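Worksheet: one structure, shown below.
Please read these numbers as outputs of a predicted model, since none were measured by experiment. We count residues from 1, following the sequence as given.
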Amino acid sequence: MTPDLQTIDKSWTLFLDRDGVINHEKEDSYIFHYDEFVFYDNSLKALQLFAKVFSHIIVVTNQRGVGKGLMTEADLHAIHLAMKGEVVAAGGRIDSIYFADSLSNDHPDRKPQPGMAFAAQKDFPEIQLSRSIMVGNNISDMEFGRNAGMYTVFLQTTSPDQPLPHPAIDLVFPTLYDFAKALHLS
């Protein structure tokens, strides 16, 4: 099931993974402080374009580093506050950020379980998950989207060799900005 990009308007919601989507992942580790947070080229421009299209832009991110005690929730909030500040300064927005710090893969909030989508829907009752798109760089992101009833967009930023087609992937783009351009031009 592939969404018709031309039908996407302000009644739609965009869900984004963080690491490997908005910013570079830190290989085999976690982003502990904002000085380690590096936006992908043009991801700020992508967020500016998305702000014109979507009613809500929600970040959903697994953050096991907090659960492992390698960083605090305050550290994570400081990273997110600084990230949102740069996004707003570039003309974009992120309406809310949800994170799962559980060490258990079966926790209802940890992707691929859909708990963070349901939390967003509880906070923003106007969100229709059937009119939502999940963008991520891992199959667990795609399964999260599927489990919540969303369309899915896979970014090839960290897994360019992902076998396709895949039952959990609706659309594929090299980067977040490529997806934003496709939306903006449709």
Side-chain angles (χ1 to χ4, degrees), residues 2-26 30-63 75-100 111 116-117 119-121 123-124 126-129 131-138 140-142 144-145 148 150-160 169-186:
T2 302
D4 179 354
L5 298 183
Q6 295 180 355
T7 65
I8 294 172
D9 59 21
K10 284 286 190 182
S11 67
W12 285 69
T13 298
L14 180 65
F15 285 82
L16 298 170
D17 180 38
R18 193 190 83 182
D19 301 329
V21 172
I22 296 171
N23 60 286
H24 290 272
E25 280 188 342
K26 190 173 164 190
Y30 306 96
I31 306 283
F32 296 114
H33 306 284
Y34 195 66
D35 60 355
E36 299 177 318
F37 187 98
V38 179
F39 283 98
Y40 276 119
D41 290 344
N42 293 317
S43 64
L44 288 169
K45 179 71 174 162
L47 286 158
Q48 178 190 36
L49 295 174
F50 292 143
K52 297 174 185 175
V53 176
F54 292 96
S55 63
H56 296 91
I57 300 172
I58 309 290
V59 171
V60 286
T61 178
N62 286 342
Q63 292 294 325
D75 294 332
L76 184 63
H77 289 305
I79 291 166
H80 288 163
L81 187 64
M83 175 186 75
K84 286 174 77 170
E86 284 200 55
V87 168
V88 169
R93 71 173 201 284
I94 294 173
D95 298 300
S96 197
I97 300 173
Y98 298 85
F99 70 94
K111 292 182 284 181
M116 288 188 282
Q121 196 175 38
D123 292 343
F124 302 95
E126 63 277 13
I127 289 177
Q128 300 173 54
L129 295 174
R131 295 176 74 81
S132 296
I133 297 175
M134 175 61 200
V135 180
N137 63 313
N138 291 301
S140 63
D141 297 319
M142 303 297 96
F144 164 84
M150 299 182 213
Y151 292 100
T152 60
V153 172
F154 183 81
L155 300 185
Q156 298 171 309
T157 50
T158 60
S159 300
I169 299 173
D170 292 320
L171 294 170
V172 178
F173 291 93
T175 70
L176 192 61
Y177 185 58
D178 291 305
F179 173 51
K181 286 190 302 186
L183 270 177
H184 195 67
L185 298 174
S186 64

Determine the minimum heavy-atom distance between [X] and [Y], stating which atoms define it.
X	Y	answer
Gly91	Ala51	O-CB, 4.2 Å
Glu25	Gly20	CG-N, 3.4 Å
Phe37	Met83	CZ-SD, 3.4 Å
Ser55	Thr13	OG-OG1, 4.0 Å
Arg18	Val59	CB-CG1, 4.0 Å
Thr2	Asp170	OG1-O, 3.7 Å

To the nearest 0.5 Å, what is the distance between [atom1] ([X]) and [atom2] ([Y])?
X	Y	atom1	atom2	result
Ile94	Ile22	CD1	CD1	4.5 Å
Met142	Met150	CE	CE	10.0 Å
Leu47	Asn42	CG	CG	11.0 Å
Gln63	Ile97	CD	CD1	10.0 Å
Lys181	Thr175	NZ	OG1	7.0 Å
Asp178	Leu183	CG	CG	11.5 Å

Would you mind checking if Asp9 and Arg131 are paired as a salt bridge, meaning a charged N to carboxylate O distance below 4.0 Å?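 Yes.
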If you take the centroid of each ring, where Trp contributes its six-membered ring, are Tyr177 and Tyr40 closer together than 6.0 Å?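 No.
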So [Y] and [X], do their side chains get closer than 4.5 Å, heavy atoms only?
X	Y	value
Val135	Phe173	no
Ile133	Ile8	yes
Asn62	Met116	yes
Phe15	Leu129	yes
Arg93	Ile57	yes
Asp17	Phe144	no

Evaluate Val53 against Leu49 for side chain to side chain contact (heavy atoms under 4.5 Å, CB included), listing each step before the verdict. CA-CA 7 Å; Val53 176; Leu49 295 174; 5.9 Å; no
Phe39 vs Lys45, test: side chain to side chain contact (heavy atoms under 4.5 Å, CB included). Steps then yes/no. CA-CA 11 Å; Phe39 283 98; Lys45 179 71 174 162; over 6 Å; no
Please state whether the rings of Phe179 and Phe50 are parallel, tilted or perpendicular, taking 30° and 60° as the class boundaries.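 Phe179 and Phe50: tilted rings.
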Can you establish whether the number of heavy atoms outside Asp41 located under 6.0 Å from its atom CG is more than 12?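 Result for CG/Asp41: open.
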Criterion side chain to side chain contact (heavy atoms under 4.5 Å, CB included) on Leu171 and Tyr151, from CA distance to verdict: CA-CA 9 Å; Leu171 294 170; Tyr151 292 100; over 6 Å; no
Keeping the roles fixed (side chain from [X], backbone from [Y]), state whether a donor-acceptor pair exists under 3.5 Å.
X	Y	value
Lys111	Val60	yes
Gln121	Ile127	yes
Asn138	Ser140	no
Asp95	Ile58	no

